[in-house]
Amino acid sequence: MTRDRDPAGRPRNARPRDALGRPLDRSAAEAGQATVPDDLPITGPDAARLADQLLREGRPFHAHEVLEAAWKSAPPSERDLWQGLAQIAVGLTHARRGNARGAVALLRRGAQRVRAYQDQPGPASGPVRDQPYGMDIPAVLAAADDLAARIERHGLGGLPPVGLTPRLLA
């Protein structure tokens with residue numbers, strides 16, 4: 001089996017995936033969801049809009065890929081924001097896949113990283129750190145914290161799908 005590679009020889013993952021990011025057989029490409037390229041050049045506003053749309057569609061794995069692309073191309077002052085949001089999206093993916101332990105760990109880790117972004121010293125503070133690119137960061141953090149606590153207390157059973165589809169945009 002040969003792996004997909006970019007011109008520099010780094011592996012790529014062009015394999016089709018289902019809505020939760022699970023790899024599909026290559027012959028099932030029509031049934032899969034389009035993947036986000038590893039080197040997607042994306043701006044903060046575009047990443048926020050696309051990730052929000054994917055989360056609302058119940059596709060947190062794909063939102064994670066968009067957020068990861070934003071993290072890789074973001075200025076250093078924003079990397080904790082994008083990495084944390086990507087981890088929260090992975091936590092939502094774990095929850096949808098039935099992995100309670102992974103969901104709680106990633107939701108908490110992502111929220112912690114986003115808070116590190118908010119706590120950075122510098123000229124961008126307050127509303128700028130609370131609503132970068134139109135994202136409602138306090139609401140995202142509250143949803144991640146609440147979901148992690150509910151999963152710890154009651155497990156994944158009985159969680160309505162709406163509880164696993166937080167919005168990013170205010």
Side-chain angles (χ1 to χ4, degrees), residues 4 6 10-23 32-97 99-120 122 124 127-148 151 159 161-170:
D4 300 319
D6 69 10
R10 291 183 300 268
R12 288 188 173 231
N13 194 355
R15 192 168 171 188
R17 296 183 174 270
D18 70 6
L20 293 180
R22 293 176 291 232
Q33 304 288 326
T35 58
V36 175
D38 293 336
D39 56 353
L40 176 71
I42 194 162
T43 65
D46 289 341
R49 279 191 300 274
L50 182 53
D52 181 67
Q53 175 187 340
L54 291 166
L55 287 172
R56 285 185 286 114
E57 291 173 357
R59 298 172 57 199
F61 176 82
H62 300 280
H64 149 265
E65 288 185 319
V66 169
L67 295 164
E68 185 175 61
W71 158 37
K72 289 178 180 180
S73 62
S77 63
E78 292 182 8
R79 291 204 178 123
D80 280 339
L81 168 68
W82 296 112
Q83 186 178 20
L85 293 172
Q87 289 173 324
I88 289 170
V90 172
L92 294 167
T93 301
H94 281 296
R96 285 181 173 265
R97 289 180 178 177
N99 177 359
R101 185 173 176 191
V104 169
L106 269 296
L107 289 166
R108 293 207 188 284
R109 190 177 312 149
Q112 181 179 15
R113 190 162 301 270
V114 173
R115 285 188 176 95
Y117 160 79
Q118 288 185 305
D119 293 342
Q120 289 179 69
V128 174
R129 293 238 196 256
D130 284 348
Q131 292 195 332
Y133 308 111
M135 294 183 289
D136 188 349
I137 297 304
V140 171
L141 292 173
D145 292 341
D146 179 62
L147 183 57
I151 294 170
L159 278 178
V162 72
L164 298 175
T165 55
R167 297 184 64 105
L168 281 182
L169 297 180

Taking atom CD of Q112 as the centre, does the number of heavy atoms from other residues, nucleotides or ligands within less than 6.0 Å exceed 12?
no

Which atom names give the shortest non-hydrogen contact between A95 and I151, and what distance separates them?
CB-CD1, 4.3 Å

Looking at L169 and Y133, what are the two nearest heavy atoms and their distance?
CD2-O, 3.9 Å

Taking all atoms of both residues into account, what is the closest heavy-atom pair of I42 and V66, and its distance?
CD1-CG1, 3.9 Å

Non-hydrogen side-chain atoms of R96 and P60 separated by less than 4.5 Å
yes

Give a yes or no on whether the backbone of P41 and the side-chain of S73 come within a donor-acceptor separation of less than 3.5 Å.
no

Side-chain touch L141/Q118, heavy atoms, less than 4.5 angstrom:
yes

Of all heavy-atom pairs between A48 and W82, which one has the smallest distance, and what is that distance?
N-CH2, 4.2 Å

How long is the gap from CG on L81 to CZ on R115, to the nearest 0.5 Å?
13.0 Å

Any chance you could lay out the side-chain contact (heavy atoms from CB on, under 4.5 Å) test for V140 and M135, step after step, and finish with the verdict?
CA-CA 8 Å; V140 171; M135 294 183 289; 5.7 Å; no

About how many Å separate CZ of R108 and CG of L147, when rounded to the nearest 0.5 Å?
9.5 Å

Working for side chain to side chain donor-acceptor pair (under 3.5 Å), residues R113 and Q83:
CA-CA 7 Å; R113 190 162 301 270; Q83 186 178 20; 3.1 Å; yes

Between L107 and I88, does the side-chain contact (heavy atoms from CB on, under 4.5 Å) criterion hold? Intermediate values first, please.
CA-CA 5 Å; L107 289 166; I88 289 170; 3.9 Å; yes

First locate atom NE2 of H64, then atom CG of L54, and finally report the distance between them rounded to the nearest 0.5 Å.
12.5 Å

Is the shortest distance from a Lys or Arg side-chain nitrogen in D46 or R49 to a carboxylate oxygen in the other one below 4.0 Å?
yes

What pair of heavy atoms forms the shortest contact from K72 to R79, and how long is it?
O-NH2, 4.5 Å

Side chains of H94 and V90, heavy atoms from C-beta outward: is any pair under 4.5 Å?
yes

Applying side-chain contact (heavy atoms from CB on, under 4.5 Å), run through R56 and T165 and close with a yes or a no.
CA-CA 5 Å; R56 285 185 286 114; T165 55; 5.8 Å; no

Measure from the side-chain N and O atoms of D80 to the backbone N and O of A116, and report whether any donor-acceptor pair falls under 3.5 Å.
no

I need the minimum non-hydrogen distance between A51 and L168, along with the two atoms involved.
CB-CD1, 3.6 Å

Any chance you could lay out the side-chain contact (heavy atoms from CB on, under 4.5 Å) test for T93 and L106, step after step, and finish with the verdict?
CA-CA 10 Å; T93 301; L106 269 296; over 6 Å; no

Just so I know, are the side chains of R167 and D136 near enough to count as touching, which here means a heavy-atom distance under 4.5 Å?
no

Is a side-chain donor or acceptor of E68 paired with a backbone partner of A86 at a separation under 3.5 angstrom?
no

